[in-house]
Amino acid sequence: MTEAFVQEFEARAGTATADGPEWLEPVRRAAMDRFARTGFPGSRDEEWRFTPIGPIAQGTWRAATGGAGELSREQLAPFVFGHADWTTLVFVNGVFSEGLSAIGQLPAGVRVASLAEALRSDGALLQAHLTRHAPVEGSSFTALNTAFLAEGGMVHVGAGVELTAPVHLLFVTTAEAGGTVTHPRNVIVVERGARASIIESYVTLAPGQSYWTNPVTEVAVGAGAWMEHTRIQRESESAQHVGLTHVDQQRDSHYRSFSLTMGAALARHNLHVRLNDENIETLMYGLYVTRGEQVADNHTAIYHDQPNCRSWEVYKGILDDRSRGVFNGKVFVQAEAQKTDAKQTNRNLLLSDGARVDTKPQLEIFADDVKCTHGATVGRLDELARFYARSRGIPADAADRLLTYAFAAEVVEEVTLAPVREELDRLVRARLGGL
Amino acid sequence: MLEIRDLRASASGKEILKGIDLTVNAGEVHAVMGPNGSGKSTLAQVLAGHPAYEVTGGSVFYRGQDLLELEPEERAQAGVFLAFQYPVEIPGVTNAYFLRAAYNEIRKARGEEEIDSMDFIDLLEEKLKLVEWDSAIMSRAVNSGFSGGEKKRNEILQMAVLEPTLAILDETDSGLDIDALRIVAAGVNKLRRPDNATIVVTHYQRLLNYIVPDFVHVLTNGRIVKSGGKELALELEARGYEWLEDTVGAAS
């Protein structure tokens, strides 16, 4: 349905999707042209080989128009980690809700705003970053997101500033989201020597509702900066979610990401991290927990362009029923990136005979003095551990839940924010049938 | 308490236990000794219900109950405890969480109320003293990254908390230095009561200097070939297992 998007694009003049500074419209148009030219990826596209995007490509999607009318803060309570005091930007069905959002105490030098607002007030900053990290040539979905770029979250942490509390970008859908598509665009800039923890959540108040979320998040981590990025995807299990996060890191910086995939019928997330200078550290943790016929597809790519950097990646999957997991982990080490230390691990636990995983590490190494390892496993619960727990009086089904939880907990415990970690822990336990 | 009659068991179609008879009464400590491959660890694991072994004959009655009919967790709930030769690592679950889960499952099975984490911490404090341990160990993942000695000590801690009626120690002395051995043995001795019993499975006599048995049984090739008092262990230490293997060979 590529044509429908082109028509919508041409018809949107005068609407919010066409707002913004002068430089933006050509960017959107170029992205639209790119999408019109290529359309959705086909089944022969290697990057999308295992990802059933039929429901997206063949679907008819309306632009979301918000509809936050009846929503109250109490309804959002389950999603805010018990911290209504944290700065939280709330987007309901793609539209920013000022009433539901909360700007907490922010140190001087920190800007948090909706993208629409930032396009009016922080145009120069956005011009320097929008599409610079996530190029439209990279993917049809990014092109489409850019063509309809209008709303999302903007976080700017000035040089040397330390954010004491996290900033939360919360995207929530309601029953009104049925049949709609949203293209959230987030820009997160953590300048030189700054420190920030950012949470990005995609949640729903309408489980079972069918809609499509197509977010793109661009992240710039300055020299010597530290950033923790927690991405929580708990969409409706009938929804489609195709997201891309692109991170650029500078010298001596530390970026750690945790990505949870629990929702959506089809969940695809691309995480690309480029290490632009020396002595950078990158940690990427992921957990996908699926059931029914869900598909959880994680593609990660780490670009070691410079020497003396370290990347560490652990993605784990727990798959039940007839659900499927896809993991593709690319590690590119350029010829000049000597002394690179890169480790990638993907481990999968199958809870049923019908569950399946396609896992593919993809290492391309052009430097000769590096330490790069990868490992992938797909298996069942360890029989010996099961017997050990049972021999201590724990019944078989409880032992299974305990060991499954333990498998997940090993990555969840890497989240440094305690309230978030505890909530993720609770979510995993609840999904595994209560512990 | 425990009546084993003509117990036979195999793994992957190979018979390992070829007719074991053993009676253990309350208040007793029995040592089961034997060379490598004699079947002594198999005996310990069969009693705990290890799924890798198939019982092909004989019977085991524990406090009047057919033990072989019970699932591993039901055996534990009935008071049987196996201290593993190779305790299993469970990354992602803290020692405290695991042990409280086990403790509460056993209480639940006995119709007792579960205890909350605060009360459990008090209980733990007391039990930790028994193995001369600091509570820091409780927030580490179960056996994960533990040294060999720590793993064995953790087994005894679990035993102290779960208070079994029948404790089976499978080569608990292997891989322990003398200090760890002393601590582990002291823990076991403090847990001895007139109403419980212990089976100590070991290759070496060394452990029996610390945990003094009432009876010693020697297992070779899947059968108990000799039983006696604690002096039998010393005799074995002096003469080696070949001595008995020779005797058996001559007798048959």
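Each chain gets a letter, A, B and so on, in the order the sequences are listed, and its residues count up from 1. Being a predicted model, the structure only gives us computed values, none of them experimental.
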Assert yes or no for the condition that the ring centre distance of B/Phe84 to A/Phe387 is strictly below 6.0 Å.
yes
Contact winner vs chain A - [options], heavy-atom pairs under 4.5 Å:
options	answer
B/Thr94, B/Val142, B/Val93, B/Asn104	B/Val93
B/Ile106, B/Val88, B/Ile90, B/Leu99	B/Val88
B/Ala102, B/Ala78, B/Ala48	B/Ala102

How far does CG of B/Leu82 sit from CZ of A/Arg392, to the nearest 0.5 angstrom?
6.5 Å
Determine the minimum heavy-atom distance between [X] and [Y], stating which atoms define it.
X	Y	value
B/Ala76	A/Ser391	CB-O, 3.3 Å
B/Gly92	A/Ala409	O-CB, 3.4 Å
A/Ala406	B/Pro91	CB-O, 3.3 Å

Proximal component of A/Ala399, with respect to chain B [non-hydrogen, under 4.5 Å]
neither
If I measure from the heavy atoms of chain B, does A/Ala389 come under 4.5 Å with its side chain, its backbone, both, or neither?
both
Exceeds 12 heavy-atom contacts within 6.0 angstrom, atom [atom1] of [X]:
X	atom1	answer
A/Arg322	CZ	no
A/Trp312	CH2	no
B/Arg5	CZ	yes
A/Lys330	NZ	yes
B/Glu112	CD	yes

Among residues 150-168 of chain B, those lying within the under-4.5 Å heavy-atom range of chain A are B/Glu155, B/Gln158, B/Leu162
Is B/Phe98 close to chain A through its backbone or its side chain, or both, or neither, when contacts mean heavy atoms under 4.5 Å?
both
Measure B/Ala101 against the heavy atoms of chain A and call it side chain, backbone, both or neither at under 4.5 Å.
both
Can you list the steps and then say if B/Tyr86 with A/Leu384 is a side-chain contact (heavy atoms from CB on, under 4.5 Å)?
CA-CA 10 Å; B/Tyr86 302 109; A/Leu384 209 53; over 6 Å; no
Counting C-beta onward and ignoring hydrogens, is there a side-chain heavy-atom pair between A/Asp382 and B/Glu89 closer than 4.5 Å?
no
Answer whether the closest heavy-atom distance between the side chains of A/Pro395 and B/Gln77 falls below 4.5 Å.
yes
